[in-house]
Amino acid sequence: MAVSRVPAPRSARPFSPALERVVGVFSRPLTFLWDRGFRFLGVLDAIALFALMIVISFVRFGFGFDWNTYPLSHYFVGFTIATAIHLTVNYFAGLYEREPRLGRKAWLPKAIVATGIGVGVQGIAFVVLDRYLMPRLNLAVFLLLASFVLSMNRALSRRLAVRRQGPPRVVLVGDVDAIDLAAQHLAVSDRKATVVDRVEAPHRLVESVVAHDATDVLLLDVTAFGSVYPEPLNSLELAGVGFLQRVSARETLLGLKSVREISGMPFVALRAHTVPTHKVKLKRIFDVVLIVATAPIWLTAMALLALYVRIVAGGPVLYRQARVGRDGRIFQCVKFRTMVVNAEEDGRARLASMNDDRIIPALRWMRAMRADELPQFFNVVKGEMSLVGPRPERPELVAEIAARVPGYVRRNELPPGVTGLAQVEGRYGTDAEFKLGYDIQYLVNWSLVLDLQILFRTIWVVLSRRV
């Protein structure tokens, strides 16, 4: 492999010595918070949104604090609550998600959606608190302006980061022709980015990134992904290196949503985890709210079914089995026992079939209607499972399938689900590779709306006894 070196990039322009000393004092606690999801951008948003609310009030009521309708404290408390609401919505909308330094993301559409949802939540807060968090006319103006403020904050944050950290230092990975073409595009359209190395063999990537202190990697060959996932993508991502994969017209025609332009070339950001942290947390909140809200229904149904199993099949009523959870962690999955005791006397894992002779005849209908899986709601309460997600599989079967189906373990990025896209679309006998396709599709397209759709479709699957 030929490795060509380039001159060192233009150095970063640090801030004044006094400001740099302040940054140095706070660097360690800020790094600790950064690693746990904190973004200084959130502080910037809080200041900007709160200031916007005050400015709107100044313009409407006069440049002073003699607002006659309510005491000044009334407005400030309302503004504080409204700011907290918008920061929370912004987080779950992905506005604080880490982004590669190369390329530009269109923040305005996402900011408009987040601001609209935040204003809607303010409406709900009015019903709960019996007070407006800000005057209604102010709220309308805020709806129009806040999304632009959020977008400008992200542009400002980007400029400050580039000034302090210096321009992106890029390693190009691909064949000679692809590297030359990409370097030409970067030289013409993105002069702030500096190509520090050219790598033709992906196995030399880590060495190149470390040697040149690279900040970003551009994969110029679609087939190169398999050589960097899961390693070194995981390790380099943890070290703060951005990964981007160039896509051709063929891949773009498949409907990719997150294509970003870099010097006129289409790329998608590669991450070790398909589902960002803010979506995982939002999914957990959704599970908890739904489980608590429906507790009287499923607890009653579970008590009746437990009594039925006890009468028909005796004890034990519940059956616990080791399953693979999120990130490969093993947990004990709970189900109603529908098979004879010691169904696996030889200790070997066996997939259940539709006409399995181990199933107790009087309990066969429970499996057909998935009623035997109702105790898994306790796993959801404990956080080991989710209401919707990939089907939880046994460790022995996961090891066997993972050896046969490349990328199978990626389905473990989310907690396994009581139901899921693969469960409602496929059958018990659907091949593992086809089920993996459903699971990956679910990971990439996850949203609360998709979870609701799958839950409603599950009701039809249960009532129709479709297996």
Side-chain angles (χ1 to χ4, degrees), residues 34-35 37 39 41 90-111 113-114 151 154-155 157-158 161-162 165 167-174 178 182 185-186 189-190 192-195 199 202 205-206 208-209 214-280 407 410 413-414 440-447:
W34 174 272
D35 291 339
R39 298 291 178 272
L41 186 57
N90 291 348
Y91 173 79
F92 288 117
L95 290 180
Y96 303 117
E97 184 180 337
R98 296 179 185 178
E99 285 293 318
R101 298 175 63 189
L102 279 174
R104 294 188 179 276
K105 183 170 183 176
W107 286 110
L108 185 58
K110 185 175 284 190
V113 172
S151 298
R154 274 135 194 85
S157 175
R158 183 186 181 90
V162 170
Q165 300 170 8
R169 299 167 58 83
V170 185
V171 172
L172 301 178
V173 183
H185 276 267
L186 287 169
S189 305
D190 201 342
K192 292 182 179 180
T194 304
V195 178
V199 177
L205 178 58
V206 175
S208 173
V209 169
T215 61
D216 296 271
V217 174
L218 297 186
L219 298 178
L220 305 175
D221 183 0
V222 176
T223 61
F225 175 75
S227 61
V228 300
Y229 178 82
E231 290 294 345
L233 175 59
N234 288 352
S235 300
L236 291 178
E237 185 183 45
L238 289 174
V241 177
F243 265 84
L244 295 115
Q245 170 76 66
R246 186 178 66 84
V247 292
S248 64
R250 180 175 54 189
E251 286 80 36
T252 337
L253 287 173
L254 295 176
L256 295 173
K257 297 179 180 179
S258 303
V259 175
R260 58 194 299 142
E261 177 267 332
I262 300 176
S263 301
M265 299 175 289
F267 283 83
V268 292
L270 297 181
R271 292 183 172 87
H273 294 282
T274 305
V275 185
T277 304
H278 69 271
K279 289 189 176 182
V280 176
R410 189 141 195 176
E413 289 186 15
L414 282 177
I440 298 300
Q441 182 183 357
Y442 173 74
L443 292 176
V444 172
N445 297 288
W446 182 85
S447 68

Would L205 and F243 count as a side-chain contact (heavy atoms from CB on, under 4.5 Å) here? Give the steps.
CA-CA 12 Å; L205 178 58; F243 265 84; 3.8 Å; yes
- Within the side chain of Q245, is there an N or O that forms a donor-acceptor pair under 3.5 Å with the backbone of D221? yes
key: Pair V247-F267, side-chain contact (heavy atoms from CB on, under 4.5 Å): steps then yes or no   = CA-CA 6 Å; V247 292; F267 283 83; over 6 Å; no
If you apply the rule side-chain contact (heavy atoms from CB on, under 4.5 Å), what do you find for L414 with Y442, and how did you get there? CA-CA 10 Å; L414 282 177; Y442 173 74; 3.7 Å; yes
Interatomic distance, CG@L41 vs CZ@R158, rounded to 0.5 Å, equals 12.5 Å
OH of Y96 to CZ of R154, rounded to nearest 0.5 Å, is 5.5 Å
Heavy-atom closest pair (G94 atom, W107 atom, distance to 0.1 Å) is O-CZ3, 3.8 Å
With sequence neighbours left out, the residues meeting side-chain contact (heavy atoms from CB on, under 4.5 Å) with A93 are A114
Value for CZ (R246) from CG (L220), rounded to nearest 0.5 Å, stands at 6.0 Å
Handout entry: L219 side chain reached by L244 side chain, heavy atoms, under 4.5 Å
Key = no
ask   = Are D216 and V241 close enough, and set up right, to give a side-chain contact (heavy atoms from CB on, under 4.5 Å), and what steps lead you there?
value = CA-CA 5 Å; D216 296 271; V241 177; 5.7 Å; no
dist H185:NE2 -> I262:CD1 (nearest 0.5 Å) comes out at 12.5 Å
d(F92 CZ, H278 NE2) to nearest 0.5 Å is 9.0 Å
Check: T215 side chain, P168 main-chain N or O, donor-acceptor pair, under 3.5 Å: no
Taken to the nearest 0.5 Å, the spacing of L218 CG from L186 CG works out to 6.5 Å
- Message: Can you confirm whether V170 sits close enough to T194 that some side-chain heavy atom of one is under 4.5 Å from a side-chain heavy atom of the other?
- Response: no
